[in-house]
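Fair warning: this is a prediction, and the values are worked out from it, not measured in the lab. When reading the values below, keep in mind they use all heavy atoms of this one structure, side chains included, and skip hydrogens, waters and symmetry mates. Per chain, numbering begins at 1; letters A, B, ... match sequence-line order.
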Amino acid sequence: MSGIVDRINGLARRIPTWVVYSVYLLPAVWLFYQGVTGGLGPDPVKALEHELGEIALQLLIIGLCITPLRRFVGVNLIRFRRAIGLLAFTYVTLHLLTWAFLDVQTLSRVAEDIIKRPYITIGMAAFVLLVPLAATSNNWSVRKLGPRWRQLHKLTYAAVVLGGVHYIWLVKGIQLEPLVYMAVIMALLGLRLPILASRRASRS
Amino acid sequence: LAGIGGHRAMAQDALEPNSFEDITSYNNYYEFGTGKGDPARYADALTTEPWSVKIDGLVDKPGDYAFEDIMKAMTVEERIYRFRCVEAWSMVVPWNGFELADLLDMAGVQSGAKFVAFETALRPDEMPGVKFPVLDWPYVEGLRLDEAMHPLTIMATGIYGKDIPNQNGAPLRLVVPWKYGFKSIKSIVRISLTDSEPPTAWNKANPREYGFYSNVNPEVSHPRWSQATERPLGGGLFAGRKDTLMFNGYGDEVASLYEGMDLAKFF
């Protein structure tokens with residue numbers, strides 16, 4: 001087991017973060033290209049909107065995995081956390097722009113939807129919570145904010161829960177996929193409960 | 001209902017049907033999965049031959065009607081209709097089918113009948129989507145008798161002159177063009193004439209969001225989204241939206257069915 005962990009950690013050290021950025025921006029480019037050329041089916045706007053939203057949620061979840069992976073498994077991917085977070089923010093933004101400009105299109109209706117439709121309100125709230133996190137994801141802010149930076153970035157937890165609820169709320173009927181996402185989110189947040197989080201300290 | 005007259009000219013515009021590919025690859029048929037492409041992917045498993053429709057309740061001649069016998073007795077014609085989904089997208093579909101009224105007449109509707117209840121096939125072995133309780137299976141729908149007897153209401157058995165594909169509700173499905181698409185129940189195995197309003201699948205799942213009538217109405221929002229506009233499919237990524245028409249543009253023909261009713265209450 002520790003052999004595998006060491007090998008993953010060794011590999012992770014050799015992969016530059018720009019690789020993560022480039023690889024993860026490809027889906028956005030590909031989806032948009034597919035949308036323009038008819039590859040997303042009869043309703044390309046909805047398909048693009050949903051795919052971008054789902055990738056955003058996945059990235060937020062990947063971001064939540066990094067700390068437990070290190071704490072409980074010993075796999076250290078912490079140097080990719082900023083990239084994952086910024087990519088998540090990028091996909092949330094693209095998702096929002098697709099919804100506003102390609103789907104709803106009328107700005108007054110965009111505003112009306114944000115106010116009147118609760119699942120959109122909470123989706124928007126998740127985006128708003130991520131803005132200060134993206135804005136402070138540079139070294140200068142980390143130094144400047146000190147311990148408050150860690151506190152501030154716990155807003156991710158709220159944002160990802162809101163994102164999960166947004167997904168459950170927007171589908172028709174009881175559907176499995178958004179519930180699976182929510183279960184994963186809850187499990188990952190559960191690993192941060194003080195009783196579990198203290199395990200590493202007591203073991204080491 | 002003021003304003004219906006204003007849509008008259010638009011309602012009579014020539015309709016440009018969507019492609020066969022669009023109509024048969026983008027479907028809501030949750031028995032085969034909730035993804036839009038799932039029905040086209042999995043509905044091949046549905047056995048549609050032999051097929052019979054049980055017609056019962058308040059009819060003179062109840063019984064199991066074989067699909068072939070129904071087709072022999074009915075006159076199939078083409079109807080090009082707007083199709084408006086409650087999810088706020090729309091298509092134009094060239095259906096082939098016969099008037100539901102003709103089928104009901106064949107069975108002989110008794111004087112006490114006030115509603116028509118419909119039921120979709122439930123085949124767990126052929127329908128992967130029914131393993132999960134997205135809805136309370138089998139899918140059921142209903143119409144008031146006057147809605148069912150309306151000449152615009154058809155049972156569709158084809159699209160573009162071909163047999164209707166399984167994902168679109170083979171071998172026969174309801175089409176009620178002035179109502180949201182989910183009212184147009186697919187792959188019908190049972191039609192019952194009743195004297196009281198029958199339960200409907202989406203209304204059972206969420207009565208606040210889906211009413212018995214579910215007439216297309218731009219002025220009554222779905223609680224989670226507006227119904228004022230729609231995305232006509234087939235125009236690509238930058239096609240934009242258009243205003244949704246009252247009764248999906250069929251107001252001249254059907255508005256009189258609802259005279260005096262508060263359509264915000266009976267949504």
Side-chain angles (χ1 to χ4, degrees), chain A residues 28-52 54 94 97-123 165-180, chain B residues 18-28 30-31 33-38 40 83 85-91 128-129 131-137 139 180-182 201-202 204-206 209-210 221-226 228-243:
Chain A
V29 177
W30 175 242
L31 283 168
F32 193 76
Y33 171 77
Q34 292 264 83
V36 173
T37 56
L40 292 182
D43 197 359
V45 176
K46 262 300 167 235
L48 183 66
E49 190 177 304
H50 283 173
E51 291 289 336
L52 292 170
E54 197 162 343
L94 291 172
L97 291 173
T98 302
W99 170 72
F101 291 101
L102 294 179
D103 187 351
V104 184
Q105 296 189 324
T106 318
L107 280 178
S108 61
R109 288 214 166 101
V110 167
E112 193 183 310
D113 272 0
I114 291 170
I115 296 162
K116 275 175 69 176
R117 315 285 168 198
Y119 84 89
I120 294 176
T121 313
I122 59 169
V165 175
H166 171 71
Y167 189 14
I168 291 174
W169 208 335
L170 70 88
V171 298
K172 279 164 60 210
I174 303 161
Q175 295 192 23
L176 187 58
E177 209 175 333
L179 295 175
V180 169
Chain B
N18 280 84
S19 69
F20 186 77
E21 168 70 16
D22 280 2
I23 296 166
T24 59
S25 67
Y26 190 86
N27 307 98
N28 277 328
Y30 282 7
E31 284 84 339
T34 53
K36 292 291 185 285
D38 288 342
F83 185 90
C85 181
V86 74
E87 295 163 349
W89 53 264
S90 65
M91 290 197 194
K131 288 192 194 87
F132 196 72
V134 182
L135 290 165
D136 178 17
W137 315 110
Y139 197 95
Y180 294 118
F182 67 86
W202 279 104
K204 283 195 287 179
N206 196 337
E209 297 189 345
Y210 308 101
S221 281
H222 181 280
R224 283 181 286 159
W225 52 82
S226 165
T229 61
E230 64 200 48
R231 280 193 321 285
L233 301 191
L237 196 57
F238 307 104
R241 298 176 86 98
K242 65 170 191 182
D243 288 343

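Chain A forms more heavy-atom pairs under 4.5 Å with one residue of B:Gly234, B:Ser226, B:Pro223 than with any other, namely B:Ser226. Chain A forms more heavy-atom pairs under 4.5 Å with one residue of B:Met91, B:Glu209, B:Glu21, B:Glu87 than with any other, namely B:Glu87. Counting heavy-atom pairs closer than 4.5 Å to chain A, the top residue among B:Ala228, B:Gly240, B:Ser25 is B:Gly240. The residue among A:Val45, A:Asp103, A:Thr98, A:Leu40 with the most heavy atom pairs within less than 4.5 Å of chain B is A:Asp103. In terms of heavy-atom pairs under 4.5 Å with chain A, the best-connected choice from B:Ser221, B:Ala205, B:Ala239 is B:Ser221. With chain A as partner, the option from B:Ile23, B:Thr229, B:Leu233 having the largest number of non-hydrogen pairs under 4.5 angstrom is B:Leu233.
Residue contact with chain A, scored on non-hydrogen atoms closer than 4.5 Å, is absent for B:Asn206. Only the side chain of B:Asn28 comes within contact range of chain A, with at least one heavy atom under 4.5 Å from a heavy atom of that chain. For B:Trp225, the parts lying under 4.5 angstrom from a heavy atom of chain A are both the backbone and the side chain.
No side-chain heavy atom of B:Phe182 sits under 4.5 Å from any side-chain heavy atom of A:Lys172. Using a 4.5 Å heavy-atom cutoff, the side chains of B:Thr34 and A:Val171 are not in contact. Side-chain contact check for A:Val36 versus B:Phe238: some heavy-atom pair is nearer than 4.5 Å.
Among residues 108-121 of chain A, the residues having any heavy atom closer than 4.5 Å to a heavy atom of chain B are, in sequence order, A:Arg109, A:Arg117, A:Tyr119.
Using a distance-only test at 3.5 Å, with no hydrogens or angles considered, a donor-acceptor pair links the side chain of A:Gln105 to the main chain of B:Arg241.
Atom CZ of B:Phe132 and atom CD of A:Glu177 lie 11.0 Å apart (nearest 0.5 Å). Atom CG in A:Leu170 sits 7.5 Å away from atom CZ in B:Arg224 (nearest 0.5 Å).
Of all heavy-atom pairs spanning B:Tyr26 and A:Pro42, the tightest one is CB-CG, 3.6 Å.
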Steps toward side-chain contact (heavy atoms from CB on, under 4.5 Å) verdict (B:Lys36, A:Asp43):
CA-CA 10 Å; B:Lys36 292 291 185 285; A:Asp43 197 359; over 6 Å; no

